[in-house]
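What follows is a single structure, written as structure tokens, with notes after it.
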Amino acid sequence: MIDIDKYFTPDLKKARKRTKNETEHGSFELEHKFEKLGIGKTYKIQTYGCQGNEADSETMAGILNNMGYTKTDAETEADIILINTCAIRENAENRIWGELGRLKPLKRKNPDLILGLCGCMAQEEKVVNRILEKYEHVDLVFGTHNIHLLPQYIEQAYFNKERVIEVFSEEGSIVENLPKVRAHQFKAWVNIMFGCDEFCTYCIVPYTRGKERSRRPDEIIQEVKELVEAGYQEVTLLGQNVNAYGKDFKDLDYTLGDLLMDLDKLGMPRIRFTTSHPHDIDDKTILAFKVCQSVMPHLHLPVQSGSNAVLKKMNRHYTKEHYLDVIEKLKQAKPDIALTTDIIVAFPTETEADFLETLDLVNRVNFEGAYTFIFSKRAGTPAATFEDNIPEVEKKERLKRLNKVVNDGYLRASTKYVGKTIKVLVDGTSKHDDRILAGYSEHNKLVNFKGSKTLIGQIVDVKVTIARTWFLIGEAVE
Ligand code: SAH
Ligand code: SF4
Ligand code: F3S
């Protein structure tokens, strides 16, 4: 089954019209005939990209488990391998092409293996065309809007022995009651909305994830209640632009701030949310940091650039001054709030003076961390047509200079915690030494300390003794 009509090409004009359409709501139910399809068979899911993809992979695992499949880490044994992809930058995509090449011999050894590609790359027409032409060993391609149809795609791939390629270009619906196998036993992702209507000129996400659409508050509250009952210690509310939560409700005046206030009453020890947009963040959300005990004192607030000219070209809808005002309000509401950000350097036409504005902003905000990127051209986005006039060496040089300032900020922030006793949710043992526990503080700092494995999954008081750039070292307080 190859459904060419459903392919998607990034088209700004078409995409912008979609916000007016009603969002369809549905509920997942596994058809009886699929329940035993996977008995005795195994699957492996490889996940790339953001937390949105991690949450989607948990759903795919949930669906496969309900079909009788079991998870395996051994790719040579797997009956199904799904590659959940990310399209955000060229190097993210190159990695996937390399991975698909690497997996080809597996298919030769096991012709019954179903090799599937899903996620954001699947939403791109150029990717689907390349798979059709050059990657015959890929049996299944589906996008971000039709994960709930996985059972029937697998059935078709098995029994009809033909390639199944179906990608919906529509704006996306909301499907509730999807099963999940959560990757973590005490930290959970909770989707609160899907899609993005910001249309930053460099970004592929509004095309790969569809229009902004929010889950109903009662569905989210119910999910978090169940997580509290199951002993979860932390939830992270997910969306590409969580500050737009609720804006699409026609019958409800309810925003992220309201949701945080309601979730705060449920007894979940830690609540985080990501990702925020500086243009949409409202006073009620800022207030939540002050009044909600469970809302953790860390905010990731991508700024992208400190230059107003560049921000305008990026279609970010705010200025450097507005961003600094938001930071000021946040610091007033929660003086110790830890702030992290995303920054793109060498956006087309960015001058040295523009770049210096970014460095200035980073210094003024005192970020405790940042993800930094060189601009990457994404086909079909407006910025792909902007003249890219910055030499390659200059791009790398700017990234290096920015990273130096960012890393100084990391270390400065870490040093602040030395001598303090902080609360750490213990994740597990350190990668290098299993007598050392590792976890995250309320401010989202990685902390290592000696302790018994019985503390895993608990929130422990730790006195910080040493600051390193990327993590803190401490001692458990008895
Ligand atoms: N929805 C989130 C995350 C988007 S992707 C948000 O708006 O913050 C994560 C980060 O990748 C972005 O914040 C941006 O810094 C970076 N990014 C997105 N598109 C990019 C591109 N074309 N080139 C380089 N970096 C990009
Ligand atoms: Fe991309 Fe901008 Fe939407 Fe973030 S807000 S996902 S950067 S378009
Ligand atoms: Fe990548 Fe898609 Fe997330 S492009 S960053 S996986 S929304």
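Here the structure is a predicted model, which means the values were calculated and not measured. Just follow the structure's listing: the first ligand is 1, and inside any ligand the first atom is 1. The basis for the numbers below is simple: all heavy atoms, side chains too, and nothing from hydrogens, waters or symmetry mates.
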Go through the side-chain N and O atoms of Q152 and Q156 and say whether any donor and acceptor fall under 3.5 Å apart.
no

Audit row: F347, F375, ring-ring contact (aromatic ring centres under 6.0 Å, His included) steps and yes/no
CA-CA 5 Å; F347 188 75; F375 166 74; 5.3 Å; yes

Exercise: identify the closest heavy-atom pair between V235 and M268:
CG1-CE, 3.6 Å

So the protein N/O/S atoms within less than 2.8 Å of atom 2 (Fe) of ligand 3 come down to C120 SG

Apply the side chain to side chain contact (heavy atoms under 4.5 Å, CB included) test between [X] and each candidate in [options]; give the one that qualifies.
X: Y153; options: D139, N146, V141; value: N146
X: R378; options: I88, T208, I204; value: I204
X: I81; options: I45, L106, T72; value: L106

Is [X] close enough and on-axis enough to [Y], meaning under 6.0 Å and within 45°, for cation-pi?
X: R130; Y: W97; answer: yes
X: R209; Y: F194; answer: no
X: R89; Y: Y202; answer: no

Using the salt bridge (Lys or Arg N to Asp or Glu O under 4.0 Å) rule, take D408 and K404 through it: C-alpha gap first, then chi angles, then the decisive distance, then the call.
CA-CA 6 Å; D408 290 349; K404 166 86 180 66; 3.0 Å; yes

Mind listing the N or O contacts between ligand 1 and protein, cut-off under 3.5 Å?
{"unit_1": "ligand 1", "atom_1": "1 (N)", "unit_2": "Q240", "atom_2": "O", "d": "2.7"}
{"unit_1": "ligand 1", "atom_1": "1 (N)", "unit_2": "Q240", "atom_2": "OE1", "d": "2.8"}
{"unit_1": "ligand 1", "atom_1": "11 (O)", "unit_2": "R89", "atom_2": "NH1", "d": "3.0"}
{"unit_1": "ligand 1", "atom_1": "13 (O)", "unit_2": "Q304", "atom_2": "NE2", "d": "2.8"}
{"unit_1": "ligand 1", "atom_1": "13 (O)", "unit_2": "D342", "atom_2": "OD2", "d": "2.7"}
{"unit_1": "ligand 1", "atom_1": "15 (O)", "unit_2": "Q304", "atom_2": "OE1", "d": "2.7"}
{"unit_1": "ligand 1", "atom_1": "17 (N)", "unit_2": "R89", "atom_2": "NH1", "d": "3.4"}
{"unit_1": "ligand 1", "atom_1": "22 (N)", "unit_2": "Y202", "atom_2": "O", "d": "3.0"}
{"unit_1": "ligand 1", "atom_1": "22 (N)", "unit_2": "S376", "atom_2": "O", "d": "2.8"}
{"unit_1": "ligand 1", "atom_1": "23 (N)", "unit_2": "S376", "atom_2": "N", "d": "2.9"}
{"unit_1": "ligand 1", "atom_1": "25 (N)", "unit_2": "R89", "atom_2": "NH1", "d": "3.4"}

Residue from K313, R398, K395 passing salt bridge (charged side-chain N to carboxylate O under 4.0 Å, His left out) with E350:
R398

Atom 2 (Fe) of ligand 2 neighbourhood, protein N/O/S only, threshold under 2.8 Å
C200 SG

Sequence-distant partners of N94, side chain to side chain donor-acceptor pair (under 3.5 Å), two or more places apart
none

Tell me whether ligand 3 is touched by Q51 - counting only heavy atoms on the residue side and a distance under 4.0 Å.
no

Supply the atom-to-atom distance L311 CG to E357 CD, rounded to the nearest 0.5 angstrom.
10.0 Å

